[in-house]
Colleague: 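Below you'll find the structure I mean.
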Amino acid sequence: MGGVVATDVISYHVVAQDAPGNLASNPSAGFTGTNVNTVTTPPTTPTQYTIVASFAGSINVGSTETVTSLTNTGGIFEAINAGALTGNLTLNITSDLSGELGTVALNQWAEDGVGNYTLLIKPSGGPRTITGSNTGALIKINGADGVTIDGSTSGASAAACAIGGDAALRELTIQNTNTGTAAAVIAVQSGTNGAQNNTIKNVNVLGQDPTTTLVGISLGGNTPGTTGTDNDNNRVENCSVKRAFFGIYSAGASLANQNTGTVITKNDLSALTTDRIRRVGIVVFNDNGIQITENSIGGIETNESADAVGIGLGTQSVDNALTTSGGVTNALVSKNKINGVASLSATGFSAAGIAVAGAVGGANTLSNNMITGVTAPSTSPDLVAGIFVAGVSGADTRLYYNSVSMTGDRGAVATQTPSYAIAITGTDPVVDLKNNIFYTTQIASGGGVNAKSYAIGIATTSFVNLNSNFNNFWSDGANDGGFRSGSLGAAAGTDYATLALWQAAVSDDANSLEIDPGFLNPLNDLHIPVNALASAGTPIVGITDDIDCNTRSVTAPAIGADEQPAVIACPTAPAVLNDNGAVCSGGGTDDFSTWQTNRAAAVAGAGGTGVVNTIEYSTTVPSGGSPATGAGNITGTIPAGCAAVTQAVTLICVAITAHQVMQQMIPGQLLELTP
């Protein structure tokens, strides 16, 4: 008979006869026969199978290889779809692939043998780039399970506590150059039965432009940016995502059919200007138990008629009355750094660092996040919030150890609405609020009298379900609003100027504080020095470390995302002053600025001799002087959190009685000792 080759179709039927002579066939339709040896007419539609190619082990894909593409007609995806895996398979990308068309998606493959095989796509021999144009997604995982795209040649993973991941491991770049507004770079699609247990890690993901490409990575339906069914246990890790409206998108079918096991961790979505994410960094819907951790998000900036959001948990939009559920339960959003989320539309839309719209069925927890640089010239019903909680009825939102800093000028758009470090809508929603820092000095220079900035605002007038304590609230500046209840809108609700008034109104926050946290830099570094916040919190079950993975105190943890306050080397006055025999002129004086002038003249040759011992504190090198050298000198900047330094200075000039001058150096000034 000879052998078979791929594409051969084998047709067969089974005929059986028992002892009494009963004859049967499977399939039976159309079959006639006398006995097993005499078949008059075979079945109309016999059983059949096709001989297909088998795949296992490793296959090289590259410009000089037998297989030259992933997604083109005739490429490896098409071959796998038509064949069967007989073992785990690795696709080694051995060269740049510059002509990918995204024509063929990778479907769920057939398997022969023990099954449950995996497929790995990785660069080989060095960093590789995959580029091409497709109006949808360039790389499509269409209902396939067990696929990993790993951009590291070594297969390594970013270290623990590496917020934003490790760029050195990202040796694979994938870019969709299509300029259409429905384009994506990578899409994990439901296909027929859902796409499960897939991983995208260590990849640079590039759209064409933040004003055109829809999404960098989509975990959803068969069209990028739509909801999908049964996409469970998928992971996006240590990827850089640039040039798209949305960075990472994940959406289950509904609250009744949520995705489970989704992990989005250690990704970098903080590129600026033409590389930026335009509208939302990470947005998820209809998910149970998602983990969004250790991501760096920033540079988000849009001037379109849309809101800007760093992380959207069940929502991509924000307004002062939103209570719509996004189908997210039991989520953990932790140890993310968000720096820079701006909606710049002159008609005034919203901006939020983290926005959460949960659902009934399990508490969503936000912990150990640092949020800065959130701004928008919002007008009603929009607003600005470091953290926004949509008070969905029956949802449970828990916020622990977050640090939020609202700064900058929201600009001159008229009739702006308020800004909040945290804003909560709804009618007495369930919110547990502990160990957070909510700080604002934000202004709106032309926004009008209602453009106030609040440490906290809550829409409800009933507070039975608010459990708030051990927080630190700080509001200051020209637009200081303090605290707000009863509404998040402009010229509405009730304002409370002090923590004491807030405590009395809501019957909460008995152990909370109202002090300047002394952030190392409220614009971008929310670590704190040693101060009253360092041990003023309360332990939270299950949270044992901070944003830097430093262990939390089990009895008196710090308030905010930073458990171990920065150790600052605060300068002190030197025990021994430099004595270089410098000249002085114009006689002795107890006025330091006059002495500087006299000294400058002396250095220029105006005469006079003597000895000067001095410590000089100034923001610049004085006229005629130079930075100090020699024993006992101090130069540098006194950081925030340090006490002022005072030093007695003795000026000794010829034939003049000694005078003493007291000069004080305050934090933030340059400290110099000159001869």
Side-chain angles (χ1 to χ4, degrees), residues 55 59-63 65 67-83 89 91-109 119-123 128-145 147-151 170 172-192 195 198-201 203-226 228 231 234 236 239-251:
F55 299 94
I59 296 175
N60 292 340
V61 181
S63 59
E65 308 290 353
V67 181
T68 60
S69 77
L70 293 175
T71 68
N72 295 348
T73 301
I76 191 62
F77 283 3
E78 184 176 65
I80 292 171
N81 291 344
L89 177 63
L91 304 180
N92 296 307
I93 310 301
T94 62
S95 72
D96 292 345
L97 303 178
S98 59
E100 292 295 322
L101 301 176
T103 305
V104 181
L106 179 64
N107 301 329
Q108 181 61 65
W109 52 79
L119 189 152
L120 170 64
I121 302 171
K122 64 183 291 291
R128 303 299 180 203
T129 298
I130 300 172
T131 57
S133 176
N134 189 282
T135 56
L138 188 67
I139 305 293
K140 294 183 280 287
I141 309 302
N142 187 48
D145 302 334
V147 178
T148 296
I149 303 175
D150 186 349
R170 301 175 189 134
L172 178 64
T173 298
I174 303 177
Q175 181 179 19
N176 188 351
T177 60
N178 189 270
T179 58
T181 56
V185 183
I186 300 173
V188 177
Q189 305 174 173
S190 295
T192 303
N198 300 297
T199 297
I200 304 166
K201 65 182 292 189
V203 180
N204 294 309
V205 177
L206 285 174
Q208 176 61 18
D209 189 275
T211 64
T212 57
T213 303
L214 178 64
V215 60
I217 300 174
S218 174
L219 311 176
N222 296 340
T223 299
T226 62
N231 295 335
N234 293 308
V236 180
C239 292
S240 167
V241 186
K242 301 178 181 179
R243 303 181 194 171
F245 280 92
F246 300 90
I248 301 171
Y249 168 91
S250 178

Colleague: Mind checking the CD1-CD1 spacing from Ile93 to Ile59? Nearest 0.5 Å is all I need.
Modeller: 11.0 Å
Colleague: Between Thr68 and Ser63, is there a donor-acceptor pair closer than 3.5 Å when you use the side chain of the first and the backbone of the second?
Modeller: no
Colleague: Apply side chain to side chain donor-acceptor pair (under 3.5 Å) to Ser240 and list each qualifying residue two or more places apart in sequence or on a separate chain.
Modeller: none
Colleague: Supply the atom-to-atom distance Ile149 CD1 to Ile200 CD1, rounded to the nearest 0.5 angstrom.
Modeller: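 Interatomic distance, Ile149 CD1 to Ile200 CD1, rounded to 0.5 Å: 5.0 Å.
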Colleague: Do the non-hydrogen side-chain atoms of Trp109 and Val147 ever get within less than 4.5 Å of each other?
Modeller: yes
Colleague: Do side-chain atoms of Asn176 reach the backbone of Gly136 as a donor and acceptor pair under 3.5 angstrom?
Modeller: yes
Colleague: If you round to the nearest 0.5 Å, how far is OG1 of Thr71 from CD1 of Ile130?
Modeller: 8.5 Å
Colleague: Side chain to side chain donor-acceptor pair (under 3.5 Å) with Thr177: which residues, sequence neighbours excluded?
Modeller: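 Partners of Thr177 by the side chain to side chain donor-acceptor pair (under 3.5 Å) criterion come out as none, since no residue qualifies.
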Colleague: Between atom CD1 of Ile121 and atom CZ of Phe77, what is the distance when rounded to the nearest 0.5 Å?
Modeller: 4.0 Å
Colleague: Can you list the steps and then say if Asp150 with Leu120 is a side chain to side chain contact (heavy atoms under 4.5 Å, CB included)?
Modeller: CA-CA 7 Å; Asp150 186 349; Leu120 170 64; 3.9 Å; yes
Colleague: Applying side chain to side chain contact (heavy atoms under 4.5 Å, CB included), name anything that partners Thr94, two or more places apart in sequence or on another chain.
Modeller: Asn60, Glu65, Asn92, Ser124
Colleague: Backbone N or O of Ser98 within a donor-acceptor pair of the Asp96 side chain at under 3.5 Å?
Modeller: no
Colleague: What's the separation between atom CD1 in Ile174 and atom CG in Leu138, rounded to the nearest 0.5 Å?
Modeller: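 The distance works out to 7.5 Å.
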Colleague: Leu91 versus Ile76: any side-chain heavy-atom pair under 4.5 Å?
Modeller: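 Yes, at least one pair of side-chain atoms sits under 4.5 Å.
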Colleague: Give a yes-or-no answer on whether the side chains of Gln175 and Thr131 include a donor-acceptor pair shorter than 3.5 Å.
Modeller: no
Colleague: I'd like a table of donor-acceptor pairs (distance under 3.5 Å, sequence neighbours excluded) in which one partner is a side-chain atom from residues 216-223, with atom names and distances.
Modeller:
{"from": "Ser218", "atom 1": "OG", "to": "Gly225", "atom 2": "N", "distance (Å)": "3.2"}
{"from": "Asn222", "atom 1": "OD1", "to": "Ser190", "atom 2": "N", "distance (Å)": "3.4"}
{"from": "Asn222", "atom 1": "OD1", "to": "Gly191", "atom 2": "N", "distance (Å)": "2.8"}

Colleague: Rounded to the nearest 0.5 Å, what separates atom CG in Leu206 from atom OG1 in Thr213?
Modeller: 9.5 Å
Colleague: May I ask you to check whether over 12 heavy atoms, not counting those of Lys242, lie within 6.0 Å of atom NZ?
Modeller: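 No, not enclosed.
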Colleague: Among residues at least two apart in sequence or on other chains, which ones pass side chain to side chain contact (heavy atoms under 4.5 Å, CB included) with Thr179?
Modeller: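 Side chain to side chain contact (heavy atoms under 4.5 Å, CB included) check on Thr179 returns Gln208.
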Colleague: Test side-chain hydrogen bond (donor to acceptor under 3.5 Å, both in side chains) on Asn142 and Asn107; report intermediate values, then the result.
Modeller: CA-CA 5 Å; Asn142 187 48; Asn107 301 329; 3.1 Å; yes
Colleague: Going by the rule side chain to side chain contact (heavy atoms under 4.5 Å, CB included), which residues pair with Thr211 if we only count those two or more places apart in sequence or in a different chain?
Modeller: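 Result, side chain to side chain contact (heavy atoms under 4.5 Å, CB included) vs Thr211: Asp209, Arg278.
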Colleague: Got a sec, which residues hit side chain to side chain donor-acceptor pair (under 3.5 Å) with Lys140, two or more places apart in sequence or on another chain?
Modeller: none
Colleague: Report the residues that fulfil side chain to side chain donor-acceptor pair (under 3.5 Å) with Asn204, sequence neighbours left out, ordered by chain and then residue number.
Modeller: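 Residues passing side chain to side chain donor-acceptor pair (under 3.5 Å) with Asn204: Thr173.
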Colleague: Decide yes or no for Ile80 and Leu106: does some side-chain heavy atom of the first lie under 4.5 Å from some side-chain heavy atom of the second?
Modeller: yes
Colleague: Could you please spell out the steps behind the side chain to side chain contact (heavy atoms under 4.5 Å, CB included) verdict for Arg170 and Val203?
Modeller: CA-CA 5 Å; Arg170 301 175 189 134; Val203 180; over 6 Å; no
Colleague: With heavy-atom distances below 4.5 Å as the criterion, would you say the side chains of Ile141 and Gln189 are in contact?
Modeller: no
Colleague: Has the side chain of Glu100 got a donor or acceptor atom that lies under 3.5 Å from a matching backbone atom of Leu70?
Modeller: yes
Colleague: Going by side chain to side chain contact (heavy atoms under 4.5 Å, CB included), name the residues that satisfy it together with Ala195, two or more places apart in sequence or in a different chain.
Modeller: Val188, Asn198, Asn231
Colleague: Should Lys122 and Arg128 count as side-chain neighbours, where that means a heavy-atom distance under 4.5 Å?
Modeller: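 The answer is no, as the side chains (C-beta and beyond) never meet within the 4.5 Å cut-off.
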